Number of protein chains: 2
Amino acid sequence: MTPEKFSQLDPVIHSRVRLGILTILASVKDASFAYLKDKIGTTDGNLSANLTRLEGEGYISMKKTFAGKKPLTTCRITGKGRAAFSEYLRTLENLLPLKTE
Amino acid sequence: MTPEKFSQLDPVIHSRVRLGILTILASVKDASFAYLKDKIGTTDGNLSANLTRLEGEGYISMKKTFAGKKPLTTCRITGKGRAAFSEYLRTLENLLPLKTE
DNA sequence: TTAAAGTACTTTATAAATTAAAGTGATAAA
DNA sequence: TTTATCACTTTAATTTATAAAGTACTTTAA
């Protein structure tokens, strides 16, 4: 049994913005670009880049539609993303001295 | 009351290697370079750079001595580092759906 | 009606951080 | 002696993240 190492934490998830995206997407059916931006507190460019990264990893999917006349990007976590996120949390709990009450 | 944002997570701490360093140093009086390297599972160069970063932030202190004839770097968390680490954990617990049992 | 401001992003450029490779200086082993 | 090893540091290369521009509209307001 190898000792638990911090390198086990999925680097795709271990980014403040991507962690925020996945945390939100794990708890709602889907979320818009604007909603994510507001909740996470980042810039348009940064959010865009990180969503693209997560989509590239197959952790989320994005659908582009229109809300009236305005473009609307809707994001959703995938099964793979949900599994990776759960595993990330599990690893964190094993590694950190957390005391959730 | 502003919504909780992931940008509140201290970027100095939110790095897999530095998180590992602080987690260990928070639970022991001090630790050697070799011990940290083994426990965290990283390379010499990476560990060295991250220790220097933490020292620069005032989160840890390093003492260089000799163990017999070999150089020995001993690391210790500072009060500031301990406070920042606690705050990081507190923020994480507020942000993530953790279920520590 | 048309100019200005806003929305909802993406793309490109720049800065910062991580990782990998090479380097240092000493000891120990063959 | 030369080869290897230890305990790191430094430099270089790659990857990330942040910031600045850019695109393609829509809405408001003169």
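The model shown is predicted, which means the values in this text are computed figures rather than measured ones.
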Under-4.0 Å side-chain N/O to phosphate OP1/OP2 contact, A:Thr43 with D:dA19
no
Take atom CG of A:Asn50 and atom P of C:dT11, then tell me their distance rounded to the nearest Å.
15 Å
Send over the distance from A:Met62 CE to C:dA8 P, rounded to a whole Å.
16 Å
Just checking B:Ser32: base, sugar-phosphate only, or nothing, at a heavy-atom cut-off of under 4.0 Å?
nothing
Whole angstrom value for the distance that separates P of D:dA12 from CG of B:Asp44:
19 Å
If you find the nucleotide of DNA chain D closest to A:Lys69 and the one closest to A:Pro11, which residue's nucleotide is nearer the 5' end?
A:Pro11
With rounding to the nearest 0.5 Å, note down the distance linking CG in A:Leu47 to OG1 in A:Thr42.
6.5 Å
Below the 4.0 Å mark, does C:dC9 have OP1 or OP2 next to a side-chain nitrogen or oxygen of A:Ser48?
no
Looking at the side chain of B:Phe33, which of D:dC8, C:dT19, D:dA7 is the nearest nucleotide?
D:dC8
To the nearest angstrom, the CZ-P distance between A:Arg53 and D:dT18 comes to 13 Å
Mind calculating the distance between CZ (B:Phe66) and C1' (D:dC8) to the nearest angstrom?
11 Å
Over how many whole Å does the gap from B:Leu72 atom CG to C:dA26 atom C1' extend?
15 Å
Considering just the side-chain nitrogens and oxygens of A:Arg18, establish if one lies under 4.0 Å of OP1 or OP2 belonging to D:dT16.
no
Check ion pair A:Arg90-A:Glu93 (N to O, under 4.0 angstrom):
no
Hydrophobic clustering (ILVMFWY, side-chain heavy atoms < 4.5 Å, transitive) - are B:Leu72 and B:Ile24 grouped together?
no
Report yes if at least one side-chain N or O of A:Asn46 is closer than 4.0 Å to OP1 or OP2 of D:dT18; otherwise report no.
yes
When all nucleic acid strands are considered with a 4.0 Å heavy-atom cut-off, which category describes B:Thr42: base, sugar-phosphate, or nothing?
nothing
How many Å lie between CG on A:Leu54 and P on D:dT16, as a whole number?
12 Å
Whole-Å gap separating P (D:dA20) and CG (A:Leu47):
18 Å
Side-chain N or O of A:Lys37 versus OP1/OP2 of C:dT10: is the shortest distance under 4.0 Å?
no
Only pairs with both distances under 3.5 Å count, Watson-Crick or wobble alike; so what is the partner of D:dA12 in this structure?
C:dT19
Non-hydrogen side-chain atoms of A:Asp30 and A:Lys63 separated by less than 4.5 Å
no
Counting only side-chain N and O atoms of A:Ser15, is one of them less than 4.0 Å from OP1 or OP2 of D:dA17?
yes
Just N and O in the side chain of A:Arg16: are any of them under 4.0 Å from OP1 or OP2 of D:dT18?
yes
Can you tell me how the ring of B:His14 sits relative to the ring of A:His14, calling it parallel under 30°, perpendicular over 60° and tilted otherwise?
parallel
